[in-house]
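The next block holds one structure in the form of structure tokens; read it before the comments.
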2 protein chains.
Amino acid sequence: MKEDTMKTNHVVTIKDVSEHAGVAISTVSRVLNGLDRVSDETRIKVERAIEELGYVKNSLAASMKSGKSRIIVVVVPDIINEYYTAVVRGVEEIASQEDYYTMLFSSKDSHRREQKLFSGELGRAIDGAIIIPAYDELDYYRNISKPVVIIDRYVSGSDMHAVVIDNHKASYLLTEELILAGHRNIAIISGAQEFNIGMDRVKGYRDALKNYGIEVRPENEMIGNWYQEHGYRSTLELLEREDPPSAIFAANNLLCIGCIKAIREKGITIGKDISLTGFDDSEVAQLLEPDITVVRQETAMMGKIGMMKLLDIINRNEKTVYPKKVVLDVELIRRHSVGKI
Amino acid sequence: MKEDTMKTNHVVTIKDVSEHAGVAISTVSRVLNGLDRVSDETRIKVERAIEELGYVKNSLAASMKSGKSRIIVVVVPDIINEYYTAVVRGVEEIASQEDYYTMLFSSKDSHRREQKLFSGELGRAIDGAIIIPAYDELDYYRNISKPVVIIDRYVSGSDMHAVVIDNHKASYLLTEELILAGHRNIAIISGAQEFNIGMDRVKGYRDALKNYGIEVRPENEMIGNWYQEHGYRSTLELLEREDPPSAIFAANNLLCIGCIKAIREKGITIGKDISLTGFDDSEVAQLLEPDITVVRQETAMMGKIGMMKLLDIINRNEKTVYPKKVVLDVELIRRHSVGKI
DNA sequence: CCTTATTATCGAAACGTTTCTACAAAAATT
DNA sequence: AATTTTTGTAGAAACGTTTCGATAATAAGG
């Protein structure tokens with residue numbers, strides 16, 4: 001009785017399977033991994049034994065020996081931002097198709113946390129990483145001793161594997177939209193200029209202005225960080241000027257929300273008293289009254305392609321279809337936050 | 001020269017450390033884990049060796065031997081719903097404090113995916129799980145051979161470790177708010193009744209009506225699923241009746257969004273022509289015009305307590321402060337989506 | 001029918017830890 | 001000074017796999 005209980009408690013190993021099937025341990029392993037050739041007869045015996053005993057591979061032990069864990073980690077700045085979770089969704093879709101496990105890690109935009117991850121135990125356990133970097137020295141990421149794909153943020157001139165969107169174009173389109181509605185005094189609220197997402201967005205804005213022969217006024221460029229608070233404060237400051245801008249371009253979703261809050265607080269109306277374009281499309285942008293003109297980015301696609309690139313690197317796939325740096329196109333979504341002047 | 005390169009390429013193991021320090025492998029291990037007593041002299045020697053060689057523990061190997069991976073998995077129905085990611089944030093906070101790694105897994109509300117996770121390799125590798133279940137047979141989760149804490153959704157009568165909010169109270173408060181504003185014809189839009197989140201929310205609604213002597217009308221209970229589409233269709237149906245309700249209570253965030261879309265489409269005004277209460281608080285609920293009356297749930301706290309409970313179970317901590325089932329309180333947030341009648 | 005090539009299987013060593021048992025040295029007790 | 005206890009360390013076995021070299025069995029070539 002007691003022995004019975006003990007037996008059921010015991011987790012079944014490859015050794016149990018081999019004994020049950022009357023073959024060597026190595027044979028079972030070969031059946032499991034389907035690498036080498038095994039006679040049909042043996043294969044069936046082993047498979048039946050696996051079935052009967054309810055064997056489940058201990059991936060930890062396997063990983064230790066083979067050095068592969070089939071775990072990839074996705075590093076995002078913030079787990080709660082829907083923009084990032086949409087990327088993760090894309091990654092997960094491809095990963096699970098290929099029997100990889102994804103682990104989500106939130107860096108909270110802290111390079112320290114990233115370092116802790118990659119220099120620590122887990123950093124050694126993973127097979128690869130997809131990173132939205134918190135640090136603008138991409139060299140750091142290049143020196144990670146695992147396959148890495150950079151997503152969303154980039155430093156131009158780097159030669160790392162990366163998937164980004166066409167920030168310059170997006171920004172140009174959103175600014176142009178305001179110009180075409182007759183605006184001449186247009187402000188931009190943007191975050192740090194370390195990454196392409198900062199520089200290209202400001203550059204796209206400036207280039208649009210220049211192209212239409214509009215003066216670029218430094219005081220209209222509110223550069224700070226990417227968080228709501230900055231959007232809020234910058235907007236208040238802009239609106240309290242003697243000569244406030246007639247249109248604002250908020251360079252990401254959080255800045256846009258902050259901006260809207262400030263505008264509301266001032267009691268003026270978006271699309272009438274002031275025009276506004278945002279960046280990332282979202283539920284909020286659609287539901288607001290008026291709804292916000294934005295660019296749609298293929299966020300999930302970014303994750304998907306990132307993961308496919310990572311797989312190519314892990315498997316040293318020579319005939320990959322992707323260039324080192326993939327730039328995704330964007331699409332302007334016209335809504336009602338831009339009013340004619 | 002060649003040897004040099006080879007040496008740097010070689011990953012340093014505990015054995016290298018032991019040789020460098022001139023002690024036994026086991027001694028290094030004891031220093032690393034700080035379990036047994038080691039003389040200060042030896043400890044320092046070993047620590048210096050670790051420092052000099054840049055040794056990083058191979059957690060895979062350690063896990064294999066000890067049977068502990070320090071990985072816990074958080075299973076959520078949908079990674080993109082901010083309600084769930086807020087929970088995950090709470091979990092992560094506690095987990096990283098205690099040097100656990102969290103792995104995020106999206107079940108997509110599919111029990112199949114859950115089963116695949118727990119019956120597969122990874123299911124064996126983890127130390128525990130925090131689950132928002134996709135399946136209403138909690139017995140399934142009880143039989144997972146790992147420590148498990150159920151979050152958010154629950155089946156009454158079960159005796160599993162769980163952290164939930166007071167759905168009945170939340171629902172009661174939101175309905176009462178409508179009643180106190182003079183409404184008598186109040187509809188509820190809710191999801192499936194398998195879990196407490198369904199049953200308690202409908203029950204809270206009914207109990208509020210009864211308490212105020214208002215007739216409970218079955219045709220006012222739009223029970224379906226928890227997704228936007230259901231909120232949208234139900235609202236359209238309600239509004240097209242001869243005797244449409246003057247107020248709607250949408251029992252989660254997605255239903256509420258669907259509801260709002262339908263109302264907008266009909267060209268009527270929330271807070272005036274129709275009153276509305278939602279459930280989960282969110283950025284959207286705050287930014288909409290008018291902003292929506294909801295209950296605030298301590299979502300992150302749910303994750304935190306869930307993780308602390310899980311740690312108690314993993315460590316077989318007898319003096320835990322938490323009851324098996326923790327019920328968190330809720331708070332009504334009055335905004336402007338409810339109009340007096 | 002003997003040799004060589006091919007195929008299927010086995011046994012054992014490895015992977016990098018943890019942990020148990022044993023033993024020597026030092027400290028404490030007689 | 002002889003015994004016992006405590007403390008610190010070493011050595012080796014174990015964890016559950018993968019993988020390599022060896023071997024046995026079968027097929028092919030002369």
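Below, chain A is the first sequence line, B the second, and so on; all start at residue 1.
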Check the surroundings of atom [atom1] in [X]: do more than 12 heavy atoms from other residues, nucleotides or ligands lie under 6.0 Å from it?
{"X": "A/K15", "atom1": "NZ", "value": "no"}
{"X": "A/E298", "atom1": "CD", "value": "no"}
{"X": "A/K324", "atom1": "NZ", "value": "yes"}

Roughly, in whole Å, what's the span from [atom1] in [X] to [atom2] in [N]?
{"X": "A/R30", "N": "D/dT19", "atom1": "CZ", "atom2": "P", "value": "12 Å"}
{"X": "A/R70", "N": "D/dT18", "atom1": "CZ", "atom2": "P", "value": "12 Å"}
{"X": "B/D16", "N": "C/dC15", "atom1": "CG", "atom2": "P", "value": "11 Å"}
{"X": "B/I14", "N": "D/dG11", "atom1": "CD1", "atom2": "P", "value": "15 Å"}
{"X": "A/K45", "N": "C/dT9", "atom1": "NZ", "atom2": "C1'", "value": "10 Å"}
{"X": "A/R37", "N": "D/dT26", "atom1": "CZ", "atom2": "P", "value": "16 Å"}
{"X": "B/E41", "N": "C/dA26", "atom1": "CD", "atom2": "P", "value": "11 Å"}
{"X": "A/E19", "N": "C/dG11", "atom1": "CD", "atom2": "P", "value": "12 Å"}

Are [X] and [N] close enough that a side-chain N or O sits under 4.0 Å from OP1 or OP2?
{"X": "A/S29", "N": "D/dT17", "answer": "no"}
{"X": "B/N58", "N": "C/dC15", "answer": "no"}
{"X": "B/K65", "N": "C/dC15", "answer": "no"}
{"X": "A/T27", "N": "C/dC10", "answer": "yes"}

Could you please name the option among [options] that lies closest to any side-chain atom of [X]?
{"X": "A/R124", "options": "D/dT18, C/dA8, C/dT17", "result": "C/dT17"}
{"X": "A/T42", "options": "D/dG16, C/dT9, D/dT18", "result": "C/dT9"}
{"X": "A/A24", "options": "C/dT18, C/dG11, C/dG16", "result": "C/dG11"}
{"X": "B/S66", "options": "D/dT17, C/dT7, C/dT19", "result": "C/dT19"}
{"X": "A/V38", "options": "C/dT9, C/dA12, C/dT17", "result": "C/dT9"}
{"X": "A/S26", "options": "C/dC10, D/dT7, D/dT17", "result": "C/dC10"}
{"X": "B/S39", "options": "D/dT17, C/dC10, D/dG8", "result": "D/dG8"}
{"X": "B/M64", "options": "C/dG16, C/dT18, C/dT19", "result": "C/dG16"}

Discussion item. Tell me whether A/D139 is salt-bridged to A/R142, with the criterion being a basic N under 4.0 Å from an acidic carboxylate O.
Written reply: yes
Worksheet entry | Given DNA chain D, 5'-ward residue of the pair A/L32 and B/A61, judged by closest heavy atom | B/A61
Worksheet, complete the sentence: Heavy-atom nearest nucleotide on DNA chain C taken for A/I25 and for A/R43; more 5' hit belongs to A/R43
Worksheet item: Are the side chain of B/K57 and the backbone N or O of B/I14 linked by a donor-acceptor pair below 3.5 Å?
Response: no
Worksheet item: Given side chains that start at C-beta, do those of A/Y322 and A/V163 come closer than 4.5 Å, heavy atoms only?
Response: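 In short, these two side chains do not touch, never coming nearer than 4.5 Å.
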